[in-house]
Amino acid sequence: MRLTDQSKELFAASLKHIPGGVNSPVRAFRAVGGEPFFVDRAKGAHIWDVDGNDYIDYVGTWGPAILGHAYPDIIDAVKKAADHGTSFGIPNPFEPRMAKLIKDLFPSVDKVRMCNSGTEACMSAIRVARGATGRDKIIKFDGCYHGHTDSLLVKAGSGALTFGNPDSAGVPKEFTQHTVVLPYNDADAVAQALEANKDQVAAIILEPIVGNAGLILPKDGFLQKLRELTSQHGTLLIFDEVMTGFRVSKGGAQELYGIKPDLTCFGKIIGGGLPVGAFGGREDIMNYLAPVGPVYQAGTLSGNPLAMAAGIAALEALKSGEVHQRLEQLGVRLEAGMKQAAADANLDVTFQRCGSMFCGYFGKDPVYNLSDAMKCDRDLFTRYFHGMLERGVYVAPSQFEAGFISAAHSEEDIDKTIEAAAESMKHIRD
Ligand SMILES: Cc1ncc(COP(=O)(O)O)c(C=O)c1O
């Protein structure tokens with residue numbers, strides 16, 4: 001039994017003051033039951049809770065910690081930047097450096113605007129897409145998450161051409177009436193929707209690799225088909241690479257699949273663990289933004305010097321691509337071990353992976369979209385999650401979240417994780 005006294009006390013105090021005791025819902029462990037632990041510190045691939053328990057971490061602060069926690073160059077950069085002041089509200093020298101680094105790694109980006117979260121990045125990309133095309137509708141896919149903006153909080157409708165319904169209370173139906181939701185990996189549905197809404201669709205936004213319904217890869221040719229269809233229809237293609245950017249390769253999913261979107265959304269890794277977002281793309285589109293053009297977008301803390309300094313240190317460490325080779329090796333090792341552990345326990349687990357992002361679905365069939373993902377056995381996942389936690393491995397507290405390996409994970413960490421998985425799976429039906 002792990003000691004969790006202080007975490008329990010802190011959670012009880014949080015429940016009194018914060019809705020659900022957390023500042024972002026998944027953290028509450030509601031999908032898996034139990035209570036969250038409170039983190040005291042993190043270093044490399046490990047986190048320690050306030051009761052002194054040590055966990056090998058595969059959440060990696062939901063993606064940003066690709067180099068491991070408290071990466072020395074990032075910590076140094078933040079400390080140095082903080083000595084000069086934490087925010088100025090007028091340009092600072094980190095901003096053009098950050099923009100240039102993003103552009104160097106993402107050749108589809110001519111101009112980029114920094115903001116403060118992935119949510120803001122997606123919201124603003126949609127706005128500029130609408131402003132530039134003069135069209136209102138957007139297409140998104142079920143299972144893709146683009147932050148908690150009203151018009152993007154939409155789940156799948158009943159049919160390919162059905163207008164979406166709000167996924168959240170508090171979002172008026174009118175705010176989502178321009179959002180068309182389609183099944184991921186279904187290019188025919190996209191072709192039909194573009195025909196049915198001719199000259200009305202400003203943009204298609206998607207996670208080119210879906211990390212918010214587990215881990216779903218695009219089928220062969222799906223992204224190419226989207227590129228062709230959007231070009232034919234004068235619709236912009238927006239890749240939400242908040243999660244995949246700088247993660248699945250140094251140039252994101254667009255580098256991996258050789259696709260040039262019109263706009264790209266960023267977040268997570270580009271802040272090195274500090275709050276950040278960005279969106280960028282074709283110059284003619286980005287020039288619709290104020291102060292050059294008529295589309296308004298702004299932010300008191302946008303381009304914040306601490307976030308920029310941290311992000312620059314992260315991108316400098318990633319730009320050679322060597323880190324990604326190491327991540328792939330670790331990913332291969334983890335995948336092989338997890339598949340073996342499931343086979344030894346006689347369990348159907350579909351392990352899907354791209355580099356350092358992965359998901360083990362408790363089900364036997366490959367997952368291509370949200371409805372496939374929903375077929376997996378969430379009760380088994382819950383038992384697996386608690387089995388892993390008991391054995392000192394922290395995976396995301398939901399079947400529908402991707403796991404993240406960092407460059408700080410050692411081979412020993414991976415092997416211990418596989419051992420923990422083998423043990424957890426062996427006892428999963430007990
Ligand atoms: C693909 C994707 N887009 C957007 C977001 C929203 O980013 P943020 O949580 O920084 O607002 C997330 C967050 O997980 C994400 O994974």
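Both counts, for ligands and for their atoms, begin at 1 and track the order of listing.
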Partner set under ring pair (Phe, Tyr, Trp, His ring centres under 6.0 Å) for H146, not counting sequence neighbours: none
F106: what forms a ring pair (Phe, Tyr, Trp, His ring centres under 6.0 Å) with it, not counting sequence neighbours? F246, F266
Residue contacts for ligand 1, heavy atom to ligand atom, distance under 4.0 Å: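 Under the 4.0 Å cut-off, ligand 1 touches S117, G118, T119, Y145, H146, G147, E207, N212, D240, V242, M243, K268.
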What orientation do F362 and Y384 show, parallel under 30°, tilted 30 to 60°, or perpendicular over 60°?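 Tilted, since the angle between the ring planes falls between 30° and 60°.
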Looking only at non-hydrogen atoms, find the nearest pair between M308 and F94 and report the distance.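 Between these two residues, the closest heavy atoms are CB-CB, 3.4 Å.
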In the structure I gave you, are the side-chain heavy atoms of F222 and L206 within less than 4.5 Å of one another anywhere? yes
Please set out all donor-acceptor pairs under 3.5 angstrom arising from side-chain atoms of residues 32-44, sequence neighbours excluded.
from : atom 1 : to  : atom 2 : distance (Å)
K43  : NZ     : A70 : O      : 3.0

